Amino acid sequence: MGSTRTRRKNGQQTAIAYHERLEKSDLLEIYRRLWFARIFDEALYDAKKKGRLRRGNVYGSRGQEAIQVGTTYPLRPDDFVSPIHRDMPVFVFRGMTPEQVMCQIWGKANAPTRGKDSWSHMGDMSLGIVHSTSMLGSTIAVACGVLWAQRLDGRRDRVLVAYTGEGATATGPFHEGLNFAAVHKLPLIVVVENNQYAYSTPVELEVPTETVADRAKGYGIPGYCIDGNDVLEVYNATCAALEHARAGNGPVLIECVTYRLQGHADHDETRARQYRPVEEIELWEKRDPLPRYRQYLLKTGLFSEAELPEPPPDIVERIQKAIEYAISSPDPEPHTALEDIYDESAGVSR
């Protein structure tokens with residue numbers, strides 16, 4: 001596993017193949033979620049190219065679907081997640097409707113932020129979705145705050161999965177947050193999506209250690225370096241991390257080694273071809289998580305070809321309907337821009 005621009009070795013590996021406990025229905029649902037993430041991404045790029053999406057940028061996740069699915073499938077309904085900009089399907093996997101997410105992207109009045117922002121800058125604490133920021137390392141510090149508040153309320157077993165990029169592991173808030181979580185043994189799972197580039201900076205100019213998972217050693221916590229394009233390996237590592245965290249043993253760092261098959265965003269597609277070697281892209285395209293998982297399912301003998309359509313037509317239809325719903329939804333009224341900014345119930349006024 002790896003190219004000249006990719007550093008990966010096996011870190012601490014999980015001893016239990018948790019995925020062997022999954023039923024056929026679970027295996028199929030994982031397959032469908034992988035396709036949901038892929039179609040979601042492709043549909044938004046298509047809408048942007050056709051001028052149907054006129055605001056904001058599209059941050060693609062093609063090639064990183066196994067991380068989104070493998071880390072969320074084993075979670076309990078009362079656990080928390082803190083998704084970042086390449087994790088939009090996670091919002092749906094944790095309870096938001098596709099219509100809500102699409103309205104957020106289109107900046108509509110009935111979006112979670114009522115049109116104040118776009119893309120991943122939203123949350124819903126009733127669903128355990130913690131609002132994240134564009135400064136990815138800061139997500140870890142916020143996650144610690146949520147878990148500390150849970151402890152003050154007497155809850156110690158609700159785990160929070162916080163996503164970040166490998167570049168963010170070089171920032172202060174990342175280390176401060178991880179140190180705080182380790183000292184206080186907070187049930188935090190930090191998922192580092194190592195897609196080889198922080199915008200255009202390659203990983204060898206971001207991280208001095210052989211793997212990002214090596215950073216865990218400085219805090220005395222487990223660090224896994226895994227194949228982020230293998231959904232079952234991601235699932236197994238997440239299950240092991242959940243058991244560790246729920247038992248009161250503190251945080252876990254999971255480095256999911258993957259690749260960003262597109263540019264940083266849609267505006268970076270042309271430039272990305274200049275700073276990424278063609279052979280590198282071709283190498284990682286062969287590691288696409290969707291056909292890899294489909295091949296695995298067929299080898300189990302549990303599924304026929306007909307049971308695993310590429311893509312499932314109902315998911316294509318579902319996402320297209322959500323897009324049409326968002327486009328036809330009302331825009332926010334100007335006066336709402338000043339609403340829901342301050343918590344006026346706490347005595348703070350404009």
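Note that the structure is a prediction, hence the values are computed from the model and not measured.
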Whether [X] side chain and [Y] backbone form a donor-acceptor pair below 3.5 Å:
X: Gln150; Y: Arg155; value: no
X: Glu206; Y: Gly167; value: yes
X: His131; Y: His121; value: yes
X: Arg276; Y: Gln262; value: yes
X: Glu307; Y: Leu28; value: no
X: Glu20; Y: Tyr18; value: no
X: Asn194; Y: Gln196; value: yes
X: Asp214; Y: Thr211; value: yes
X: Lys108; Y: Asp331; value: no
X: Asn236; Y: Leu232; value: yes

Looking at [X] and [Y], what are the two nearest heavy atoms and their distance?
X: Gly70; Y: Thr238; result: O-OG1, 3.6 Å
X: Leu308; Y: Tyr31; result: O-OH, 3.1 Å
X: Gly137; Y: Thr171; result: CA-OG1, 3.6 Å
X: Ala66; Y: Asn229; result: CB-C, 3.9 Å
X: Pro74; Y: Cys239; result: CB-SG, 3.7 Å
X: Lys185; Y: Arg151; result: O-NH2, 3.1 Å

Same cluster (ILVMFWY, side-chain, under 4.5 Å), [X] and [Y]:
X: Phe180; Y: Leu152; result: yes
X: Tyr45; Y: Phe36; result: yes
X: Leu147; Y: Val183; result: no
X: Ile221; Y: Trp148; result: yes

Validation row: [X], [Y] side chains within 4.5 angstrom (heavy atoms):
X: Leu242; Y: Ile189; result: yes
X: Trp35; Y: Ile319; result: no
X: Arg76; Y: Val159; result: no
X: Pro173; Y: Met135; result: no
X: Glu193; Y: Ile84; result: yes
X: Val252; Y: Val190; result: no
X: Met96; Y: Pro112; result: yes
X: Lys48; Y: His267; result: no

With a 4.0 Å cut-off on N to O distance, would you call [X] and [Y] a salt bridge?
X: Lys49; Y: Asp46; value: no
X: Glu99; Y: Arg318; value: yes
X: Asp79; Y: Arg94; value: no
X: Arg114; Y: Glu333; value: no
X: Arg38; Y: Asp288; value: yes
X: Glu282; Y: Lys286; value: no
X: Asp26; Y: Arg21; value: no

Report the distance from atom [atom1] of [X] to atom [atom2] of [Y], rounding to the nearest 0.5 Å.
X: Tyr325; Y: Cys103; atom1: OH; atom2: SG; result: 5.5 Å
X: Asp268; Y: Ser200; atom1: CG; atom2: OG; result: 7.0 Å
X: Arg62; Y: Leu290; atom1: CZ; atom2: CG; result: 10.5 Å
X: Met122; Y: Ile129; atom1: CE; atom2: CD1; result: 7.0 Å
X: Tyr163; Y: Ile140; atom1: OH; atom2: CD1; result: 11.5 Å
X: Arg33; Y: Thr72; atom1: CZ; atom2: OG1; result: 5.5 Å

Would Glu233 and Tyr224 count as a side-chain hydrogen bond (donor to acceptor under 3.5 Å, both in side chains) here? Give the steps. CA-CA 11 Å; Glu233 187 171 343; Tyr224 304 145; over 6 Å; no
Show the numbers, then the answer: is there a ring pair (Phe, Tyr, Trp, His ring centres under 6.0 Å) between Phe93 and Tyr73? CA-CA 8 Å; Phe93 298 156; Tyr73 199 74; 9.1 Å; no
Determine, stepwise, if the pair Arg260 / Arg86 fulfils side-chain contact (heavy atoms from CB on, under 4.5 Å). CA-CA 10 Å; Arg260 194 191 71 207; Arg86 298 197 199 282; 3.4 Å; yes
Kindly indicate, with the supporting measurements, whether the criterion side-chain contact (heavy atoms from CB on, under 4.5 Å) is fulfilled by Gln64 and Asp41. CA-CA 11 Å; Gln64 299 182 215; Asp41 185 83; over 6 Å; no
Where do Tyr259 and Glu280 land on the side-chain hydrogen bond (donor to acceptor under 3.5 Å, both in side chains) test, with the steps shown first? CA-CA 9 Å; Tyr259 191 75; Glu280 178 180 277; 2.6 Å; yes
Residue pair Val203, Tyr197: steps toward the side-chain contact (heavy atoms from CB on, under 4.5 Å) verdict: CA-CA 6 Å; Val203 65; Tyr197 290 92; over 6 Å; no
His264 vs Tyr199 aromatic rings, parallel, tilted or perpendicular, using cut-offs 30° and 60°?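 Parallel, since the angle between the ring planes stays under 30°.
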Please state whether the rings of Tyr296 and His19 are parallel, tilted or perpendicular, taking 30° and 60° as the class boundaries.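 Tyr296 and His19: perpendicular rings.
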Examine Arg287 relative to Trp284 and say whether NZ or CZ is less than 6.0 Å from the centre of the six-membered ring and inside a 45° cone about the ring axis.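 Yes, Arg287 sits over the ring of Trp284.
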Taking the ring centre of each residue, are Trp119 and His85 less than 6.0 Å apart?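 No, the ring of Trp119 stays outside the 6.0 Å limit from the ring of His85, centre to centre.
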Should we count NZ of Lys24 as having more than 12 external heavy atoms under 6.0 Å?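 Yes - once you tally the heavy atoms of other residues, nucleotides and ligands closer than 6.0 Å, there are more than 12.
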Take Thr113 and Gln104 through the side-chain contact (heavy atoms from CB on, under 4.5 Å) test and state the conclusion after the steps. CA-CA 7 Å; Thr113 60; Gln104 172 73 7; 2.7 Å; yes
